[in-house]
Structures are given as C-alpha cells and as structure tokens.
Amino acid sequence: MRVLVTIPHFFNPQGGGKYGSLSSDPLPRISALSQCLQALHGTYSRSGLWYRYTDKLYTFPANEATSVDIDVIICTTKNFHLLDRLPVPKEYYKHYPTHPHDPLFLGFECHALLRDCLGNYDYYCYLEDDLILDDPQFFTKLAWFNSHVGDQAVLQPNRYELVTKDTIKKVYIDPDLILKTGRARQFAHYQAENSTLTGMVMGQPILFKWAENPHSGCFFLNHRQMEYWAKQDYFLDRESRFFGPLESAATLGLMRTFRVYKPARKNASFLEIKHFGDAWSQKIYYSIFF
C-alpha cells in the first residue's frame, strides 16, 4: 500500500496567538510537528525490527502486514515555518514551498498537491501539523469500512486529547453541532441517508453515526474517492464557509462530496487521532465547570 500525507505548516511568532501557529513560543509547534512525523514513520514504516536471542542475537523485520510505503510532504509559504528546527531526520518529509495569497488558505495548496499526485497512491491524506496518528490498523479499518458501505461514504476519526483533570483522562474535542440550520446544513451530501451504521469487528458490534460535526482536522481518501472529488467543479474553489479557511480545508470538501461518518460515542476509539497538547480540552473543561 502506498500512502501520501500532505501537511500544511505555518508559523509566525508575530501573528497574535489565536492559533498555535501564531504563538510567540515556537517550542510547542516544533514538538507537535516532530511527534506527528515520528508517529507516521514509526507506526507505518517497513523498518520495524523483531529480536530473538539463542546462541546470538538475531533480528527480523516486523509488522510487514500493516506497514505501508508512506510519503510525507509538508506545504509551507514563504519563510513562515519551523522545518529547519525539527529534531527529526530530513528524509522523514519533503518540503513543498507554496505561495497562497493568504497563509490561512495554505491547506488548499495541499489539495492541489493531492490532485497532482493522482494515480501514484492508494490513499491521499491531509493532516494538520499538530495531529498524531499512531494506530497501525488505521488504513485497514478505512478499507474495511468502504468495502461494506461504498466509496460515497467517508469515515472520519474522532479527535482527542489526553488530560489530567480530576477523574477525566481523555477528552474528545470536536463536539456535536446539533443545529437545525446553519453552516453544517448548507451542503447537499452532509445529511446521510442512513444516520447510523453497524458493523461486526472481531465479534464486536461497532456503531457508526452520521457526523453531526465532521471536522477532525484531517481526512483520508482512497484513490477512487480522491479522483471523484477532484473532478467536481467546486474542487479548489477555496470556499471557506465552514467556520473559516483552516477548518474548511480539512472538512468542507468532504461535506460537499461524501456522506461523512464517525465512530459513535460508545465505541469512539475504534478510529481516533490524537491532538497535541490539551488546549481544546482545557477550553471545554472551563466552559462547563466555571
């Protein structure tokens, strides 16, 4: 299996601090992107080793069944990035400089790159630079899902943070948007025909729900889905009505093109992705309890 991951990366210490990419302190962003890259290569590369000791120490390749050929391309604009400060090998990624008219639209440059690479990969992925993907079965689960429901449905991971607040250790940070009108209801394919789906995985029922909030800061499309999306007349129109350009680059294209599902609350961890730090869970915690 061949997988292409595109990552928009931007950092401007003079930006004002609304997003992590605009903070005056670069260290959290360096750590986030480094962990993102290390997780991708550590989880999916073919360089895993298995040791056995008898008369001497032997080594064998490990995880051949789940390893993939993964290419990571980081899209930047001008000199607003931290790539020269990352403590990871240079071969972990390729640098792709771009020149959007507004840095907030950098994610759409990733869309163009995914389209230009059509025909070379099995999965085409978009990942914000503070997300950590470390599930070895992630792409196996996606393929299983689409083999059962077809390519007009997309399964998004639940985004979470690890925290230490009282008895709470883990927080899923993208709340459902229970809205009868508004942003989420403006798109024809957003409302799924079947609001719930159930599948059996290793003898256990797994429930999937139409995503009332499809945003996960990422997406993962197989080659048929990427080809279909790239053929739509609105592809790369840079529409940003879903909250803003950052959120729209990660989510709006899915909403306009596919039926979007996520694992239901009762089995949220079936497909999930870690968000670096605990900034969002802190906001949620204090909005509820204070």
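All values below come from the heavy atoms of this structure, side chains included, with hydrogens, waters and symmetry mates left out.
Side-chain contact check for I30 versus P87: some heavy-atom pair is nearer than 4.5 Å. Taking 4.5 Å as the limit, some side-chain heavy atom of N222 sits within range of a side-chain heavy atom of D151.
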Given side-chain contact (heavy atoms from CB on, under 4.5 Å), test V72 with H41 step by step and report yes or no. CA-CA 9 Å; V72 180; H41 288 282; 3.9 Å; yes
Could you check V260 against T251 for side-chain contact (heavy atoms from CB on, under 4.5 Å), going step by step and ending with a plain yes or no? CA-CA 10 Å; V260 184; T251 307; over 6 Å; no
Checking side-chain contact (heavy atoms from CB on, under 4.5 Å) for the pair L221/Y228: CA distance, chi angles, key distance, verdict? CA-CA 10 Å; L221 303 176; Y228 179 78; over 6 Å; no
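With hydrophobic clusters built from ILVMFWY side chains whose heavy atoms lie under 4.5 angstrom apart, Y124 shares a cluster with Y96. The hydrophobic cluster containing F11 also contains L27, counting ILVMFWY residues as joined when their side-chain heavy atoms lie under 4.5 angstrom apart, directly or transitively. Both I70 and F220 belong to a common hydrophobic cluster when Ile, Leu, Val, Met, Phe, Trp and Tyr are linked at side-chain heavy-atom distances under 4.5 angstrom. Cluster membership for F276 and L131, using ILVMFWY side-chain heavy atoms within less than 4.5 angstrom, is not shared.
Here F235 contributes atom CZ and R115 contributes atom CZ; the two are 6.0 Å apart, rounded to the nearest 0.5 Å. Note that the CZ atom of F219 and the CG atom of L114 stand 5.5 Å from one another [nearest 0.5 Å]. Atom-to-atom distance recorded for R224:CZ and M226:CE is 14.0 Å, nearest 0.5 angstrom. To the nearest 0.5 angstrom, L133 atom CG is 6.5 Å from L127 atom CG. Atoms CD1 and CZ, on I74 and F10 in that order, are 15.0 Å from each other to the nearest 0.5 Å. Taken to the nearest 0.5 Å, the CZ atom of F208 stands 11.5 Å off from the OG1 atom of T196.
Residues that satisfy the salt bridge (Lys or Arg N to Asp or Glu O under 4.0 Å) test with D278, not counting sequence neighbours, are absent from this structure. In terms of the side chain to side chain contact (heavy atoms under 4.5 Å, CB included) criterion, residue partners of H81 (sequence neighbours excluded) are, by chain and number, H9, T76, L83, H95. For E272, the side-chain hydrogen bond (donor to acceptor under 3.5 Å, both in side chains) partners two or more places apart in sequence, or in a different chain, are K170, Y172. Applying the salt bridge (Lys or Arg N to Asp or Glu O under 4.0 Å) criterion to D122, with sequence neighbours excluded, gives no partner residue. Every residue two or more places apart in sequence or in another chain that forms a side chain to side chain contact (heavy atoms under 4.5 Å, CB included) with A153 is listed here: F145, V149, R259, Y261. Every residue two or more places apart in sequence or in another chain that forms a salt bridge (Lys or Arg N to Asp or Glu O under 4.0 Å) with K141 is listed here: D135. Scanning for side chain to side chain contact (heavy atoms under 4.5 Å, CB included) contacts around V88 gives S34, L37, Q38, L86, Y92, Y93, with sequence neighbours left out. Under the salt bridge (Lys or Arg N to Asp or Glu O under 4.0 Å) criterion, R85 pairs with no residue at all, not counting sequence neighbours. Considering only residues two or more places apart in sequence or on other chains, S147 meets the side chain to side chain contact (heavy atoms under 4.5 Å, CB included) condition with none of them.
When all heavy atoms are compared, the tightest approach of A250 to E128 is CB-OE2, 4.1 Å. When all heavy atoms of I168 and V171 are compared, the closest pair comes out as CG2-CG2, 3.7 Å. Nearest heavy-atom pair across I132 and C36 is CG1-N, 4.2 Å.
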For residues 155-163, which side-chain donor-acceptor pairs fall under 3.5 Å, sequence neighbours excluded?
from : atom 1 : to   : atom 2 : distance (Å)
Q156 : NE2    : P214 : O      : 3.2
Q156 : NE2    : C218 : O      : 2.9
N158 : ND2    : P263 : O      : 3.1
N158 : ND2    : A268 : O      : 3.1
R159 : NE     : D174 : OD2    : 3.0
R159 : NH2    : D174 : OD1    : 2.7
E161 : OE1    : W280 : N      : 3.4
E161 : OE1    : S281 : N      : 2.8
E161 : OE1    : S281 : OG     : 2.6
E161 : OE2    : H275 : ND1    : 2.7
E161 : OE2    : W280 : N      : 3.3

Donor-acceptor pairs under 3.5 Å, side chain of residues 99-113 to any protein atom, not counting sequence neighbours: which ones?
from : atom 1 : to   : atom 2 : distance (Å)
D102 : OD1    : L104 : N      : 2.9
E109 : OE2    : R238 : NH2    : 3.2
H111 : NE2    : A249 : O      : 2.7

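Without hydrogens or angle criteria, K262 side chain to N213 main chain gives a donor-acceptor distance under 3.5 Å.
Residue K90 qualifies as enclosed at atom NZ: its count of foreign heavy atoms under 6.0 Å is above 12. Sparse packing is recorded around NZ of K266, with 12 or fewer heavy atoms of other residues, nucleotides or ligands lying under 6.0 Å away. Within a 6.0 Å radius of CG in N79, other residues, nucleotides and ligands contribute 12 heavy atoms or fewer.
For R256 and Y234, the positive end sits near the middle of the six-membered ring, less than 6.0 Å away and at most 45° from its axis.
Of the candidates F138, F139, Y123, Y44 forms a ring-ring contact (aromatic ring centres under 6.0 Å, His included) with just one, namely F139.
Each salt bridge (Lys or Arg N to Asp or Glu O under 4.0 Å) pair with one or both residues in residues 1-12, not counting sequence neighbours, appears once here: R2-D71.
Note: H148 and W144 have tilted aromatic rings, judged against thresholds of 30 and 60 degrees for the angle between ring planes.
A salt bridge is defined here as a Lys NZ or Arg NE, NH1 or NH2 lying under 4.0 Å from an Asp or Glu carboxylate O, and R29 with D129 meets this definition.
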